[in-house]
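Naming: A, B, ... by sequence-line order, numbering from 1 per chain.
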There are 2 protein chains.
Amino acid sequence: MLDDRKAAILRAVVSEYIKTAQPVGSSHIAASPGIGVSSATVRGEMVHLESEGYLVQPHTSAGRVPTEKGYRFFVDQLGGVGRLGAAQRMQVREFFASAHGEIEYVLEKTSRLLAQLTGWTALVVEPPADSSVIRAAQIVDMGGSTALAVLVLSNGVVEKYPIELPSELDCSVIGEASARLAARVIGKHPRSLSSSSAFGERLEGDRPDSSPGPLSSAGGDRSSSEGSAAGGEGAAAKQSSRTTGRGSISTAEDLVDAVCFAIGCGEGSAESGQVFVGGASQMAAAFDAVETVREVLGILEQHLVVVTLLRDVLDRGLSVAIGVEEHGLEPLAACSVVVAPYEVEGKPSGTVGVLGPTRMDYPRALAAVSVVGEQLSERWKDAGRSGSGSRSGNDGGVRAVESE
Amino acid sequence: MLDDRKAAILRAVVSEYIKTAQPVGSSHIAASPGIGVSSATVRGEMVHLESEGYLVQPHTSAGRVPTEKGYRFFVDQLGGVGRLGAAQRMQVREFFASAHGEIEYVLEKTSRLLAQLTGWTALVVEPPADSSVIRAAQIVDMGGSTALAVLVLSNGVVEKYPIELPSELDCSVIGEASARLAARVIGKHPRSLSSSSAFGERLEGDRPDSSPGPLSSAGGDRSSSEGSAAGGEGAAAKQSSRTTGRGSISTAEDLVDAVCFAIGCGEGSAESGQVFVGGASQMAAAFDAVETVREVLGILEQHLVVVTLLRDVLDRGLSVAIGVEEHGLEPLAACSVVVAPYEVEGKPSGTVGVLGPTRMDYPRALAAVSVVGEQLSERWKDAGRSGSGSRSGNDGGVRAVESE
DNA sequence: CTCTGGCACTCGATCTTACCGAGTGCCAGA
DNA sequence: TCTGGCACTCGGTAAGATCGAGTGCCAGAG
């Protein structure tokens, strides 16, 4: 589609622009290595590249800037995956050798690591509950008319489901229910309980306005007023059906059913996977328009949007989404996303990603994101245990060669 | 210290500046209600106010701007607590009537609410674990050589402690340990286990080299490199000793000891109380210097710093900390913090706060923060249950009168 | 003694103009 | 087909020029 010379010129323009954030002129390109022609020739080629939509001029007599199409071509054909520098490889290795602890803790730290590696904002999404299996379950009487169902998943995540009891149940009922619950759900996938619990449907019938299904915009929430900040994220949807069906719990079995139903609906803590945002402050370095920063941060506050964004990109088989054309979020018009999946127990589960301006260093971001993704997969490969894994020395997936 | 007229003028200057963010001139003041004198007179008074440090001129022939001392006087003597508008009262009432669910969920939502009420960034700190009592405890075998101790606290928080087992213990040992753990810790304060736990003192198994003393900095942590983002927050301290002493766990009792020790040290998930930051994007609206935004966001990423900040301010008996002089954080030089405590089960536990530019609307922020604090206290007044509380209609502590 | 209107003065913000130079498009010659 | 040359464009910056909000001070009124 593009002959070699044009491609080389495009690559040079992109690389230079990534570095300087300034429109780049023909003479710079002519001077860069690999281009054996004069600036006049480069200019000629640039005219072509521009007419085909790979470059634009902010105005006459300015250098050229890559378009989203230009970046896309660069990423697909020219950039490759890039490599991390030695220091960064080291950093990754040390990090994964020493990062012990619960899954959330590790993921949060990972988001910081990734932010530091790339210089931009990092996004790490927790594996959704349905990729794990229930390891333990218990119902705890919290006093009053409340109980808390606690689930431990095989990946180390703990989910909580607040249960409202219609009346003071006897302690022994709760105890019995707890035991029955454990017997019934251990070893199963939490989300699979939705359908398997016959009682669920019964309950659902009892509740006219039950589970409006996440992502549906439920009712008259505070009218999303001015602040884009607090508006979005399906706040409404979650806020409503947060307590479990209170239809007719009287026996232990009823209680277990109710809990199973709640679990199946995923009404508990681990909605669709928590998001950890690292290095949000770096966003402020990406743009000089304070308004842009505001908009981007606004999006980052809407975790559901972020999760969806990453998942969408991945679902479409992409690892890079450049500009609003490809990711679809207006406020992120000047941004691109680079993502990679990671696996837990061998199954694709979570995602890691980097959010930066469209003029970010894609090869580097790709490298960082994929290394981190691999390392995370490595950590939770065998069993979904929560802690440790003292694989030092071996930095397995860290395929890191010197960067340019 | 300041005669009535000076005070009135100072009040007018502060109010005006809060509204417009522009230096305010004598004629504006003279025109505002409550000032019955000419601009010349106002000017004269302003000279005094300036010489005493309540006001400054950005440059000759500009209006005056309040100094931190000026704000302080305003807050202490002039501003009062302020009142929320009817719409906002409504919003708070609806929010607390409908916000069900786990404590973390409610607190996160609360931070958004507060951000929306004030227009600035809101900070909500989870109650520390030691203000609650353990309601349930269990040790879950996670496969491999890992186990997870799960604690349910009376305030609805669930803590997790990853435990590394030296060798494959028999399942029954874990089961027994789990039962013993429950018997031993239920009803106690988690942090009280540190000393009361016989682990350090004694208990049957004499353990020669037990307890390698967590909190000792274990490894060569990544050298806190450049990025201020990922640097701070005592990352090192936490990262290292994240797994419990693995000295010589062989019996169930050993295991229980180890877990108790870990709990006592607070090595688990609920470090010193999670922080929920709401409306961070609003920070970008507060300043037009992108660099300032970056610095402030950088601080917000360091949760430990935020917790400490809020706690410090509260400990000093303040509810407002104006400027770096009073809160001590250089990067927040242009910011003030307004805080209020909230109670769980009658004891002061968490804090809510608002972070804004020094020229924020203190009365409004104070009103919002205290109302929200009261409402949170109200919610968890009786029992530290996790969910619900359908007190609608009654908007208890929402003492809200029309604002200016 | 205090307050007020008046007045000269200051100085940042804004606008105008001029200029510079990076970068372009085009063209004639190698 | 490539290259050096050349006229041209136009954003960015610097230098005045201007405007006006706001000040300090002072003399006169209350």
**Q** How long is the line joining NE2 of His59(B) and P of dG22(D), in whole Å?
**A**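 To the nearest whole Å, that distance equals 10 Å.
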**Q** Quick one: Lys6(B) NZ to dT2(C) P, roughly how many Å, whole number?
**A** 10 Å
**Q** Watson-Crick or G-U wobble partner for dT16(C), using a 3.5 Å limit on both distances?
**A**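 Matched dT16(C) with dA15(D) under the 3.5 Å cut-off.
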**Q** Across all strands, who's sitting opposite dG23(C) as a Watson-Crick or G-U wobble pair, both distances under 3.5 Å?
**A**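 Paired with dC8(D).
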**Q** Considering just the side-chain nitrogens and oxygens of Arg64(A), establish if one lies under 4.0 Å of OP1 or OP2 belonging to dA22(C).
**A** no
**Q** Regarding Glu16(B) and Gln22(B), do their side chains bring together a donor and an acceptor under 3.5 Å, going by distance alone?
**A** no
**Q** Which one, dG11(D), dT10(C), dT4(C), comes nearest to the side chain of Ser61(B)?
**A** dT10(C)
**Q** Rounded to whole angstroms, how far apart are CG on Leu55(A) and C1' on dG25(C)?
**A**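 Rounded to the whole Å, the gap is 16 Å.
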**Q** Nearest-Å distance, CD (Gln22(A)) to C1' (dG21(C))?
**A** 15 Å
**Q** Could you tell me how far apart Ile9(B) (CD1) and dT23(D) (P) are, to the nearest whole angstrom?
**A**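 That distance rounds to 11 Å.
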**Q** So does Thr60(A) get a side-chain nitrogen or oxygen closer than 4.0 Å to the phosphate oxygens (OP1/OP2) of dC10(D)?
**A** yes
**Q** In whole angstrom, what separates His28(B)'s NE2 from dG22(D)'s C1'?
**A** 10 Å
**Q** Just by modelled atom types, is the Cys335(A) backbone N or O under 3.5 Å from a matching donor or acceptor in the Thr358(A) side chain?
**A**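 Side chain of Thr358(A) to backbone of Cys335(A): no pair is present.
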**Q** Could you give me the CA-CA distance, side-chain angles and deciding distance for Val313(A) and Val320(A), then say whether side-chain contact (heavy atoms from CB on, under 4.5 Å) is met?
**A** CA-CA 7 Å; Val313(A) 173; Val320(A) 180; over 6 Å; no
**Q** What I want to find out is whether Glu325(B) reaches Lys69(B) closely enough, with some N-O distance under 4.0 Å, to be called a salt bridge.
**A**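 Looking at Lys69(B) together with Glu325(B), the answer is no, because their closest N to O distance does not fall below 4.0 Å.
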**Q** Taking only the side-chain heavy atoms of Gln57(A) (C-beta and beyond), determine which of dG25(C), dT23(D), dG5(C) contains the nearest atom.
**A**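 Out of dG25(C), dT23(D), dG5(C), the nucleotide with an atom closest to Gln57(A)'s side chain is dG25(C).
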**Q** Between P on dA22(C) and CD on Glu16(A), what's the gap in Å once rounded to a whole number?
**A**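 Taking CD of Glu16(A) and P of dA22(C), I get 15 Å after rounding.
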**Q** What are the residues of residues 41-48 of chain A, sorted by number, that bring a heavy atom to within less than 4.0 Å of DNA chain D?
**A** Thr41(A), Arg43(A)
**Q** Using only heavy-atom distances, determine whether the side chains of Thr121(B) and Gln282(B) contain a donor-acceptor pair under 3.5 Å.
**A**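 No - no donor-acceptor pair under 3.5 Å links their side chains.
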**Q** Salt-bridged, Asp312(A) to Arg316(A), with N to O below 4.0 Å?
**A**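 Not counted as a salt bridge, because no side-chain N and carboxylate O are separated by less than 4.0 Å.
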**Q** Provide the Watson-Crick or G-U wobble partner of dG29(C), both distances under 3.5 Å; none if there is no partner.
**A** dC2(D)
**Q** Check whether Gln88(B) reaches the backbone of Leu117(B) with its side chain - one donor and one acceptor, N or O, closer than 3.5 Å.
**A** yes
**Q** Scan Ser39(B) against the nucleic acid and name what it touches under 4.0 Å (heavy atoms): base, sugar-phosphate only, or nothing.
**A**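 Nothing, no nucleic acid heavy atom in range.
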**Q** What is the distance, rounded to the nearest whole Å, between atom CD of Glu50(B) and atom C1' of dG22(D)?
**A**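 Distance, rounded to whole Å: 12 Å.
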**Q** Classify Ala40(A) by what it touches in the nucleic acid, base, sugar-phosphate, or nothing, heavy-atom distance under 4.0 Å.
**A**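 Answer is base: heavy atoms of Ala40(A) come under 4.0 Å of a base.
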**Q** Heavy atoms, side chains only, cut-off 4.5 Å: are Tyr71(B) and Val14(B) in contact?
**A**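 The answer is yes; the side chains approach within 4.5 Å.
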**Q** With a cut-off of less than 4.0 Å, is there a side-chain N or O of Ser38(B) near OP1 or OP2 of dT4(C)?
**A**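 Yes, such a contact exists.
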